[in-house]
> 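Handing you a structure now.
Hydrogens, waters and symmetry mates play no part in the numbers below; they use all other heavy atoms, side chains included. For clarity, every value in this text was computed on a predicted model and none was experimentally measured. Chain naming here is simple, since letters A, B, ... match the order of the sequence lines and numbering starts at 1 in each.
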Amino acid sequence: MSERYDPQVAEPKWREIWAKADLFRALSPQEAGDAPKAYVLEMFPYPSGRLHVGHVRNYAMGDVVARHKKAKGYNVLHPMGWDAFGMPAENAAMERGVHPGEWTYANIAAMKAQFHKLGLSLDWSREFATCDPDYYGEQQRLFLKFLEKGLVYRKASKVNWDPVDQTVLANEQVIDGRGWRSGAVVEQRDLTQWFFRITEYAQDLLDKLETLDRWPEKVSTMQANWIGRSEGLQMRFEWAGDGPAGFDGGVEIFTTRPDTLHGASFIAVSPDHPLTQHLAQSDPDLAAFRAQCAQGGTSEADIEKAEKIGYDTGLRVAHPLRPGETLPVWTANFVLMGYGTGAIFACPAHDQRDFEFARKYALPILPVVRPTGAAAEEASETDAGLDWVRTGSGAHMSEAYTGPGTLMNSGSWDDLSIDAGKKVAIKAMSDCGLGAGKVNFRLRDWGVSRQRYWGCPIPVIHCPDCGIVPVPEGDLPVRLPDDVSFDKPGNPLVHHPRWKSTTCPSCGHDAERETDTLDTFNDSSWYFARFASATDMEERAYWLPVDQYVGGVEHAVLHLLYARFFSRAMRDVGEVDLPDGEPFSGLFTQGMVTHATFKAADGRWLQPAEVEIRGAAAIEKATGATVEVGPVEKMSKSKKNTVDPDAIIAAYGADTARWFVLSDSPPERDVEWTQAGVEGAARFMQRIWGLFEALSHPAGGPVAENDAGALEIRRAAHKATQAVDTAIEEFRFNSAIAAIHDWVNQLKKAEQLGPGVRDARLESASMLARCLTPFMPHLAEACWAKLGQEGLVSAAAWPEVEPALLVEDTVTLPIQVNGKRRSELTVSKAAVPTEVEAAALALPELKPHLEGKAVKKVIVVPGRIVNIVAV
RNA sequence: GCCCGCGUGGUGGAAUUGGUAGACACGAGGGACUUAAAAUCCCUUUCCUGUAUCAGGAGUGCCGGUUCGAGCCCGGCCGCGGGCACCA
């Protein structure tokens with residue numbers, strides 16, 4: 001009986017050997033010589049304190065790529081660090097009285113120990129945490145360069161204000177419009193804040209998406225939608241009569257549907273529009289309406305879901321196309337100040353939101369687009385849903401019509417297509433001087449101010465005389481004070497007795513530091529450049545862009561867009577040499593690891609480990625109480641539905657954990673974590689070990705050659721190597737693992753073939769060890785050593801595939817009759833279609849299916865299929 | 001609400017991208033070995049019908065379409081998930 005493989009003994013041993021050999025340190029450009037570079041990066045983790053299986057999956061994937069690239073001869077950079085600023089550290093400080101920095105660095109130490117156990121091929125020599133003063137000092141320097149370049153400015157914008165706690169809340173801290181701690185109804189409040197001019201790059205950020213051919217299509221689409229380029233008309237509606245003082249020009253609006261101008265029913269301006277603010281000063285009802293609109297959170301979902309309400313200002317504007325007609329001016333909460341001009345004209349017949357609003361407030365609805373295409377064809381004469389087309393009256397509409405069509409009720413524009421109508425409308429408005437065509441983006445400038453302690457201080461000083469003065473470069477970093485208190489709500493930097501007091505670098509008078517810190521998305525927007533090199537611009541240029549970036553889909557828009565902005569801004573201030581501004585040439589977005597959520601009766605979330613499933617019921621282990629099993633969701637700290645990989649590593653080893661998270665689901669898809677299957681992975685590990693054990697004890701006796709058996713073994717090994725190779729390159733790790741399963745099963749069977757195939761088995765096993773390395777690196781080392789091979793398999797080259805062993809000279813084709821498989825036929829690969837057709841028609845199994853029918857057509861797809869069409 | 005995905009056996013999933021649906025694995029059932037257990041090995045395992053190592057039919061969330069041929073393409077629904085600018 002062969003000895004079992006013990007990962008608890010073997011894994012630490014191999015990791016120590018790797019560390020001593022300094023195997024995973026990236027070579028300098030000079031050391032690397034002719035070897036091509038590969039920068040493999042996974043999104044660095046937030047140091048929550050514990051790894052969860054989502055991390056294991058993410059980093060195992062990156063490690064497969066990094067180890068594969070290394071075996072293929074690349075000079076690989078595969079670094080790791082910590083996205084260490086953020087709210088959880090402050091929450092811990094408030095809840096447990098521990099300093100955010102202390103908490104964070106303790107978490108980093110704990111997680112790093114867990115990381116080491118995974119056997120990842122990481123270059124730890126470049127490690128940093130974003131809360132290291134060294135790192136954030138550099139970030140402050142970048143901020144000042146951006147400021148100098150005009151990419152940074154201040155303006156008023158809205159925050160979620162908790163009136164009880166007197167503090168700003170993050171969107172996730174607003175639950176159903178109320179503060180998470182106080183339960184008070186959250187108000188929107190204006191605050192002057194810092195912004196990055198990301199919109200400066202809007203067009204380029206959009207255009208370059210097309211060049212990112214190794215990005216998932218869906219991510220590019222999401223980014224394109226987020227940037228939201230739209231072409232439309234910006235125009236002025238002039239007052240009918242006198243307008244309010246200071247607003248002489250009328251109301252400036254933006255629309256993407258200028259073709260529907262004849263159907264304009266009313267003007268709607270944002271509650272935050274200067275006009276609304278002005279009118280509210282003398283109209284208490286309007287002021288009350290504005291206050292009502294300011295209730296609830298600032299998130300887009302909150303705003304969109306809020307009931308649509310409006311207030312008639314009593315003002316009227318002239319219809320630009322219909323002399324004598326006037327339109328009322330309303331304030332409406334569905335019009336956002338941040339988009340376009342903060343004012344629209346509403347055409348209720350062809351916009352659902354406008355439609356609902358018009359119905360609610362009994363405003364006119366005039367259809368101006370006659371449906372064409374599918375919608376019109378489907379509608380019969382008796383279809384009441386389209387009565388409005390015949391009558392031309394909006395009174396008969398049950399919903400807005402937004403499909404294709406031609407104009408109606410539009411005077412001389414009648415019968416124009418929508419596109420032609422848009423052009424004519426823009427021309428008409430520019431001819432009369434009321435407006436012009438305009439490109440508008442949905443993308444807004446990036447608000448980077450946070451009223452929090454645990455973030456990168458914004459390095460400016462407010463001087464009563466000089467205004468805003470940058471902190472001189474020599475004084476960087478502006479360090480966070482250590483002696484802070486979280487007793488009071490709000491920003492501890494404001495409450496600190498001394499920290500903000502300073503002198504103006506320009507005039508020397510008393511001045512105050514900026515107390516806002518930077519959004520933590522800043523930290524993760526350039527860390528990849530810091531990994532490439534902290535100081536050496538040439539080395540940065542060598543490594544960048546990242547060749548393969550791996551992370552969760554949840555970052556598809558914000559993080560990736562901000563990083564793309566940063567690399568452009570850094571390029572434009574001379575901090576990085578990236579001509580096209582793109583930081584990640586290859587991107588893979590892995591699916592999330594999900595898990596059921598558990599909630600106790602008192603509302604506490606419970607970790608899976610605290611819950612025991614008994615049949616259909618779930619019981620809290622500690623109390624025996626019934627637990628509510630919630631929906632399967634993304635693993636998150638807040639819902640506590642995370643799984644600690646340490647237990648699995650302790651019981652089965654890191655290789656088993658790595659194998660398991662990669663084996664079943666395709667990497668891009670979500671995977672629901674279940675304990676089941678880990679044993680299977682562990683068993684498989686022993687099965688592999690058994691193969692190598694068996695080979696290490698050569699059987700005695702005479703050797704009878706078994707050429708046929710040996711050839712089959714060799715073919716399988718070379719085909720499997722090829723399959724694993726392409727599967728890794730295409731991010732189909734689960735397919736690679738399936739190929740390895742097949743391979744191992746075949747090698748296991750080959751043990752029965754006797755000593756005549758020993759050489760073939762040895763070759764196959766040596767290739768297997770190398771193909772296994774990216775997935776189960778510790779086991780692969782042990783297997784490699786068992787074979788008596790030189791050196792470390794982690795440093796070995798990928799096995800060479802002999803092309804001659806991959807080709808088959810025959811192929812088995814399915815034979816269909818009328819699309820149903822009735823037989824199969826094995827033919828030479830070189831067979832010409834006419835021969836194949838004749839052979840197929842002669843098959844006896846086909847007789848019953850062809851009887852009484854005439855063969856109309858025979859489709860022969862060489863190497864694929866034969867389909868006989870018979871009627 | 002808006003944007004982006006996903007939906008295949010008891011379970012995770014495979015299917016050279018329009019060409020044999022269910023590879024590979026988990027689980028389950030049966031068997032071998034064993035005093036017994038563990039471990040290991042072998043077999044069966046989409047559903048229905050029948051004359052049951054065989055033959056026929058159905059089948060990839062639902063309804064319809066294109067095609068010689070659809071899990072894959074198109075249209076419409078249903079369900080689930082992610083993102084929505086202060087979670088990271």
> Mind checking His559(A) for me? I need base, sugar-phosphate or nothing, with any heavy atom below 4.0 Å counting as a touch.
nothing
> In the strands shown, is A14(B) matched to any nucleotide by a Watson-Crick or G-U wobble pair with both distances under 3.5 Å, and which?
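By the stated definition (distances under 3.5 Å), nothing pairs with A14(B).
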> May I ask you to evaluate whether Arg4(A) reaches the phosphate of A38(B), defined as a side-chain N or O under 4.0 Å from OP1 or OP2?
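Result: no.
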> Rounded to whole angstrom units, what separation is found between the CD1 atom of Ile815(A) and the C1' atom of G69(B)?
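Atom CD1 in Ile815(A) sits about 14 Å away from atom C1' in G69(B).
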> Looking at the base of C86(B), is there any donor atom on it, or on the side chain of Gln193(A), that sits under 3.5 Å from an acceptor on the other one?
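Under the 3.5 Å cut-off, the side chain and the base do form a donor-acceptor pair.
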> Would you classify Arg442(A) as touching base, sugar-phosphate or nothing, given that sugar-phosphate means primed atoms plus P, OP1 and OP2, and contacts are heavy atoms under 4.0 Å?
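Base contact.
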> Flag the pair Tyr135(A) / Trp526(A) as yes when their ring centroid distance falls below 6.0 Å, and as no otherwise.
yes
> Quote, to the nearest angstrom, the C1' distance that separates U45(B) from A23(B).
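Each nucleotide's C1' atom is 15 Å from the other's.
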> Remember a base hit wins even if backbone is also touched, and classify Phe521(A) as base, sugar-phosphate or nothing at under 4.0 Å, heavy atoms.
base
> Is U60(B) in the syn range, within 90° of 0, or in the anti range?
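Judged by the O4'-C1' to base torsion, U60(B) sits in anti, the angle falling more than 90° away from 0.
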> Considering every strand shown, what is the Watson-Crick or G-U wobble mate of C2(B) when both distances are under 3.5 Å?
G83(B)
> Would you mind reading off the distance between Phe733(A) atom CZ and A23(B) atom P, rounded to a whole angstrom?
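It is 24 Å, rounded to the nearest whole Å.
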> Taking any heavy-atom pair under 4.0 Å as a contact, classify Pro45(A): base, sugar-phosphate, or nothing.
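The answer is nothing, as Pro45(A) stays clear of every strand by at least 4.0 Å.
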> Can you tell me how far the CG atom of Asp516(A) sits from the CD1 atom of Ile458(A), to the nearest 0.5 Å?
5.0 Å
> From CD1 of Ile865(A) over to P of C68(B), roughly how many Å is that when rounded to an integer?
14 Å
> Are Tyr136(A) and Phe85(A) an aromatic pair, judged by ring center distance below 6.0 Å?
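That pair passes the under 6.0 Å test.
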> Indicate, with a heavy-atom threshold strictly under 4.0 Å, whether Val861(A) touches base, sugar-phosphate, or nothing.
base
> Describe the nucleic acid contact of Gln173(A) in one word from base, sugar-phosphate, nothing, applying a heavy-atom distance below 4.0 Å.
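Since no nucleic acid heavy atom lies under 4.0 Å of Gln173(A), the category is nothing.
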> Name the nucleic acid region contacted by Arg444(A), choosing base, sugar-phosphate or nothing; use a 4.0 angstrom heavy-atom cut-off, strictly under.
base
> Using the P atom on both, measure G83(B) against A14(B) and round to a whole Å.
23 Å
> Please classify the nucleic acid contact of Gly447(A) as base, sugar-phosphate, or nothing, using heavy-atom distances under 4.0 Å.
sugar-phosphate
> Would you confirm whether the ring centroid of Phe357(A) sits within less than 6.0 angstrom of the ring centroid of Phe355(A)?
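No; Phe357(A) has its ring centre 6.0 Å or more from that of Phe355(A).
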> Indicate, with a heavy-atom threshold strictly under 4.0 Å, whether Arg353(A) touches base, sugar-phosphate, or nothing.
nothing
> Could you state the atom-to-atom distance from CG of Asn818(A) to P of G69(B) in whole Å?
8 Å
> Once you apply the 3.5 Å cut-off to both distances, tell me the Watson-Crick or G-U wobble partner of C62(B), or none.
G76(B)
> Regarding C68(B), can its base be found pairing with the side chain of Asn867(A) as donor and acceptor, where the two atoms are less than 3.5 Å apart?
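In this structure, the two groups form a donor-acceptor pair.
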> Please name the nucleotide paired to U51(B) by Watson-Crick or G-U wobble geometry with both distances under 3.5 Å, or report none.
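When the pairing criteria are applied, nothing turns out to pair with U51(B), so the answer is none.
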> Provide, to the nearest angstrom, the distance between the CZ atom belonging to Arg821(A) and the P atom belonging to G57(B).
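Checked: the CZ to P distance equals 13 Å.
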> Has the side chain of Gln451(A) got a donor or acceptor atom sitting under 3.5 Å from an opposite partner on the base of C86(B)?
yes
> Look at all strands and tell whether Leu443(A) reaches a base, only sugar-phosphate, or nothing, counting heavy atoms closer than 4.0 Å.
base
> What is the nucleic acid contact for Trp446(A), judged by heavy atoms within less than 4.0 Å: base, sugar-phosphate only, or nothing?
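The residue Trp446(A) makes no contact with any strand.
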> Please state how far atom CE in Met685(A) lies from atom P in A39(B), giving the value in whole angstrom units.
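In whole Å, A39(B) P lies 15 Å from Met685(A) CE.
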> Report which part of the nucleic acid Lys305(A) touches: base, sugar-phosphate, or nothing (heavy-atom distance under 4.0 Å, all strands).
base
> Searching all strands shown, indicate the nucleotide that pairs with U45(B) (Watson-Crick or G-U wobble; both distances under 3.5 Å).
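Partner of U45(B): G27(B).
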> Write down the distance separating the P atoms in G18(B) and C74(B), rounded off to the nearest Å.
11 Å
> OP1 or OP2 of G12(B) sitting under 4.0 Å from any side-chain N/O of Ser665(A)?
no
> Nearest of U16(B), A88(B), A25(B) to any side-chain atom of Asn745(A)?
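Closest nucleotide to the Asn745(A) side chain: A25(B).
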> Any heavy-atom pair between the side chains of Pro667(A) and Leu662(A) that's under 4.5 Å?
no
> If you look at every strand shown and take non-hydrogen atoms under 4.0 Å, does Lys820(A) touch a base, only sugar-phosphate, or nothing?
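Since only primed, P, OP1 and OP2 atoms lie under 4.0 Å of Lys820(A), the category is sugar-phosphate.
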> Side-chain N or O of Arg864(A) less than 4.0 angstrom from OP1 or OP2 on U17(B)?
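For U17(B), OP1 or OP2 has a side-chain N or O of Arg864(A) closer than 4.0 Å.
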> Within the 4.0 Å heavy-atom criterion, would you say Ser663(A) contacts the bases, only the backbone, or no part of the nucleic acid?
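Ser663(A): no heavy atom of the nucleic acid under 4.0 Å.
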